[in-house]
S.K.: 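Submitted below is the structure of interest, expressed as structure tokens.
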Amino acid sequence: MSSPDIHADQGRRALAGGLSRAVLARAVKEAFLKLDPRQLTGNPVIFATWIVALLATVSAVAAVVGQQPAGFAIQIAVWLWATVVFANLAESVAEGRGKAAADSLRATRVTTKAKLIVDPNTGTWIPTPAHKLGVGEVILVEAGEVIPTDGEIIEGMASVNEAAITGESAPVIRESGGDRSAVTGGTTVVSDWIKMRVTAEAGSTFLDRMIAMVEGADRRKTPNEIALAVLLAGLTLIFLIAVVTLLGPGKFSGVALDPLVLGALFITLIPTTIGGLLSAVGIAGMDRLLKVNVLATSGRAVEAAGDVDTLLLDKTGTITFGNRMATEVIPAPGVRPDAAMKAALMASLADETPEGRSIIELARNAGLALEAPEGATAIPFTAQTRQSGLDHQGRSWRKGAVDAVYRTLGLEPQSIPTELSVAVDRIARSGGTPLAVSEDGVLVGVIHLKDVVKPGVKERFADLRRMGLRTVMITGDNPVTAAAIASEAGVDDFLAEATPEDKLRLIREEQGKGRLVAMCGDGANDAPALAQADVGVAMQTGAQAAREAGNMVDLDSDPTKVIEIVEVGKQMLITRGALTTFSIANDVAKYFAIIPAMFVVSLPALGALNVMKLHSPESAILSAVIFNALVIVALIPLALKGVKYRAVGAGKLLSRNLTLYGLGGLIAPFVGIKLIDLVVSALGLA
Amino acid sequence: MTWQGWAEIALTLSLAVAIGWPLGVFLSRVWNGEKTFLDPVMRPVEGLFYKACGVDPSKSQSWHAYALALLAFNLIGFVFVYAVLRLQGVLPLNPQGFPGLSGHLAFNTAISFITNTNWQSYAGETTMSTLSQMLVLTVQNFVSAATGATVAAALARAFVANRGEGVGNFWADLVRTTLYLLLPLAFVVAVVLAALGLPQTLAAGVTAHTLEGAEQKISLYAVASQEAIKMLGINGGGIFNANSAHPFENPTPLTNLITAISINTLGWAAFFAFGRTVLAKKDVRALVIAAFVLLFAGAVGVYATETQAPPAQVAAQVDTSANMEGKEVRFGAPATAAWVAMTTGASNGSVNGKHSSLMPLGGGIAMFLMQLGEILPGGIGSGVAIMVVMALLSVFVAGLMVGRTPEYLGKKVEAREIQFSILAVVIIPLSMLGFSGIAAVLPEALKGLMHSGPHGLSEILYAYVSGTANNGSAFAGLTANAPWWNVTLGIAMAMGRFMPIVAVLAIAGSLVTKPKLAPTAGTLPTDGGLFIGLLIGVILILGGLQFFPAMALGPIVEHFQALDAVAALR
């Protein structure tokens, strides 16, 4: 492994693994640095906490200076500051993991000079720093060199190690023309050489974008995050009104209201829990995507992923293995099955295609293993003959398209044995491909080639259906074949004989019905559809145009990944909702702690509301404030890890999460505040 | 509490829903411009209005234009009512010869009637001429109710549209709701009430000779017709000071039942109309159930508190099975409890007993039902509109927990909707608690109070809660016909009415342009028991959390003090 790869690998590990001590130490430091109020203006809830903490500090200092009892005020002030620090900690821990990963990635950036071709005719080059390369310029990269920036190969072919980006250390072939011509800065040419045209400005290469995304440098609030922030700000305003307006009635009722206590009431009522954890949840969502090796260009795309209604899946590679495989050999009447199998095997021995190899595999499983005989002549497949096979010592074996073989053998349709024509029809109807096999000019049987659906796919689609997602299979096959595979794989719908234009039209149609569409693609002709889809996942190995059109790039180039992406999106939204619900439900218990404590001295009858039987008014208020601060820390792991997503219907999911976080949020603080009160009173703190 | 009491409450509340259903279907047809059986009579009349005003009823307005038309109409209504009340002394149809109203009282009353509040700082029978009652107050009883209904109509159109533009035509909605629904229905109910003994006359009144030999002037008015729209329009402003406790407004248990049902039935009708227009009957049924559960709980809560032993009755060692202070003997505790809940759950505000005389928690429940924002079922249309805002907020928080960005009735709920939803509900604590907080320490305001201590605080709180919620019921005890109270309550009523209306129309304006999404198995179901529970939870927590501190110093502490007092006596 070359050194950039090691760095990249460390970066990935930084994201995947738990929190290292170094990351944590940096996060704690940053949590304190973020006490700068200018950093908090984007978060009204925590900003309000900051202001009240400052006022509480002033009140504590005033008490100390005035030589009055200050213990209570000092403790309240300390715990209010702790609330702010804990909220900051949540964010910096989430950011910390990304920053560690970004540092490692940064090390892969090229500092050596690139070979800029100045004369295309002679190929003369001059060394130029990578950051000075402009779009459209042509450079030469030779074996052992790191590709300095993103580009498109215009000449040559090379094997490229892309481990720095994908983590996959097996080199891939990159060549000019077609969908495999894009190369990425930071990857290494292992053999041969390429001439490439630069396609990205310095600073906006794929690697640069990846670093920025991992680091969260240009992280913008997503639409749902903004809406939630509005709600939290609104709740903060409502509670500000509720607390401030208490001054009048308090005076009217002859209750002496301590501003410090009012401040404490305000902070415990506003949604500090979700306010403190909101940005951490968003950052952690992006991290989780990176962990499955998907790079999203924006948080908005991750959020959209949770909303996807329709998944467009390419048949080949996603639903089926991509190659048709032989599943049976049907002998002609009067031919023994093993003889037919042997003929099929002989016809395939020289066939290097996956179909051919699947026939050899099928024969081996049936107990037939043969090598091609010495001196045999391979008869390759041609577009004219549409069959291939083997000739040896005057004997011949052929397999190929049924009509082509019939024609070669001079068979009339009516002279075909009924058993065979029935089998051919059956195979075609089931979506398979029949191949006729002949031995020495005699028809001996039919091979059934089948598009094999990957194991587990059907169950996965059933899960998706329960989640409310429709799956549509896209294939170039004819409608009969497509329908057969669609029903075997359990997709909801299919698009047969699909052209890129059909895909685009289908996406527009679905969107017109108010559905959000996700798809993945790799070819340049997929680019318009990728751009039109709400979530477009481009394959890292795919064409440059596709990578630019999509809003996510799958570094593993695994088309099934889109399903995981949807789950990550949903998980992020669920986590947000769960923490918000928990945060608001907490308020009920806090009232029962603070309200009686505030009023009981002047209005003893309100002691009846002290259902938790808290030790004293001071300990009740302090306990509520402490609980409010500690619950943020307690929930940081949940915010980072995310609430577990289950593939069940929305109703079940809601009732489960509502019980857990709504009802749990009602009950937990009663227990928590009571326990803290026991500790506080035992320690004699209040 | 007796089973008959429970049954009476359940029957009264349920009948309002049952009658509201077919009326809602009808109202939806009216909003949609579909055919109705009234077309032969009303179409030509309707056309006259449009011709006279130069309005094209088929032209759908943007939410801005719709809101502007609504505000302009109400502003003109305000100016007109204010002018008539000030000039009452020189205008005709004033048999008792009442003078014009003071500036602040006219200001308060004009706002009160255009906002569908019907807060009355005055006693009707000693202040208002027949002309004022009929020309300005009764007219506003119709059009202010119809104004509320237009908001629900616009919101419904926004939900049903798929990338649409306009939210409907305000003038058409206003005219049609008034002509097709309110006028004919009020006519029918008025005839029934007149048949059941309510006065309906233009005469000044009669002079009675009392047993002591004194002469007493008894005002009569056209009570039956006023009473019908006072209830149906969810207005609540009585002709007489005693409101529906007055024998001319509400003489018998049968009129009590009819008028009580009338308080809620059109509020429910607007729910059903909204559901039919949005093509979401099941989802709106869930809203109705949630509101009904809360309303029923409120009525039963009041029934429970009113059948508790009041300290004074314990001390006097008399029958303590019910608190009869401030209640009409002909109605009793259950009918009063049902009325308290129905009049405060809807934004009606008529009373058939004195709310100040309710047990502390009973009065607290009455206040709490108003603090929820008048959604049980609230005013015609305005109630369902705010209920939908509550549903938006519920869906937003909990909807995330199913792993999708929230949507309601096929529309995505995003920052703009949340922003305006907050705006619609933030006015509730701002005005209710804000004004109360100031009044509680302002000597000018405190002069109007009858009590000190927690009950005095309840008097203050109740006034602003009732005004802001556009309810209009009074706690009694407070003398509100003074500059401070008239002006601030007027402002509270105007803010409580128009800020939520504009916010809801803004939500409609945002929703109407969005694509209508098809529900999938992953969509949060908003028609089942789970959602009903969630909605109830959000309404209670949102309402309860804001007001708990203030209420603790009013009805809640008074309740515990009463309990302590009873314990000490026994």
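Owing to the predicted nature of the structure, the values given are computational and were not obtained by experimental measurement. First the proteins, then the strands, lettered A, B, ... as listed; each starts at 1.
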S.K.: Sort B:R416 into side chain, backbone, both or neither according to what part of it lies under 4.5 angstrom from a heavy atom of chain A.
M.R.: neither
S.K.: Using heavy-atom distances under 4.5 Å, tell me whether A:I595 contacts chain B through its side chain, its backbone, both, or neither.
M.R.: side chain
S.K.: Using non-hydrogen atoms and a 4.5 Å limit, figure out which bit of B:I460 sits close to chain A: side chain, backbone, both or neither.
M.R.: side chain
S.K.: What part of A:V308 is in contact with chain B, defined as an atom under 4.5 angstrom from a non-hydrogen atom: side chain, backbone, both or neither?
M.R.: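 Only the backbone of A:V308 comes within 4.5 Å of chain B.
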S.K.: Heavy-atom distance under 4.5 Å to chain B: side chain of A:R656, backbone, both or neither?
M.R.: neither
S.K.: Answer with side chain, backbone, both or neither: which region of B:L423 has an atom nearer than 4.5 Å to a non-hydrogen atom of chain A?
M.R.: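 Contact with chain A: none, neither part.
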S.K.: Between B:K412 and chain A, which part of the residue has a heavy atom less than 4.5 Å away: side chain, backbone, both or neither?
M.R.: side chain
S.K.: What part of B:L393 is in contact with chain A, defined as an atom under 4.5 angstrom from a non-hydrogen atom: side chain, backbone, both or neither?
M.R.: side chain
S.K.: Is chain A contacted by the side chain of B:I422, its backbone, both, or neither, given a heavy-atom distance below 4.5 Å?
M.R.: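 Contact with chain A: side chain only.
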S.K.: Using heavy-atom distances under 4.5 Å, tell me whether B:L553 contacts chain A through its side chain, its backbone, both, or neither.
M.R.: both
S.K.: Measure B:L449 against the heavy atoms of chain A and call it side chain, backbone, both or neither at under 4.5 Å.
M.R.: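 Just the side chain, heavy atoms under 4.5 Å.
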S.K.: Side chain from CB out, backbone as N, CA, C, O: work out which of these in A:Q511 comes under 4.5 Å of a heavy atom of chain B, or both, or neither.
M.R.: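 Interface part for A:Q511: backbone (N, CA, C, O).
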S.K.: Can you name the closest pair of heavy atoms from B:V426 and A:L237 and give their distance?
M.R.: CG2-CD2, 3.8 Å
S.K.: Under 4.5 Å from any heavy atom of chain B, what part of A:I594 do you find: side chain, backbone, both or neither?
M.R.: neither
S.K.: Give me the atom names and distance for the closest heavy-atom approach of B:A440 to A:F252.
M.R.: O-CD1, 3.3 Å
S.K.: What part of A:T581 is in contact with chain B, defined as an atom under 4.5 angstrom from a non-hydrogen atom: side chain, backbone, both or neither?
M.R.: both
S.K.: Please classify the contact between A:R646 and chain B as side chain, backbone, both or neither, with a heavy-atom cut-off of under 4.5 Å.
M.R.: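 For A:R646, no heavy atom lies under 4.5 Å from chain B.
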S.K.: Identify which one of A:L579, A:N224, A:I574, A:L654 satisfies the side chain to side chain contact (heavy atoms under 4.5 Å, CB included) criterion when paired with B:L400.
M.R.: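 Testing B:L400 for a side chain to side chain contact (heavy atoms under 4.5 Å, CB included) against A:L579, A:N224, A:I574, A:L654 leaves exactly one candidate, A:N224.
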S.K.: Checking B:L442 against chain A: side chain, backbone, both or neither under 4.5 Å from a heavy atom?
M.R.: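 Contact with chain A: none, neither part.
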S.K.: May I ask you to check whether B:T405 and A:D307 show a side-chain donor-acceptor distance below 3.5 Å?
M.R.: yes
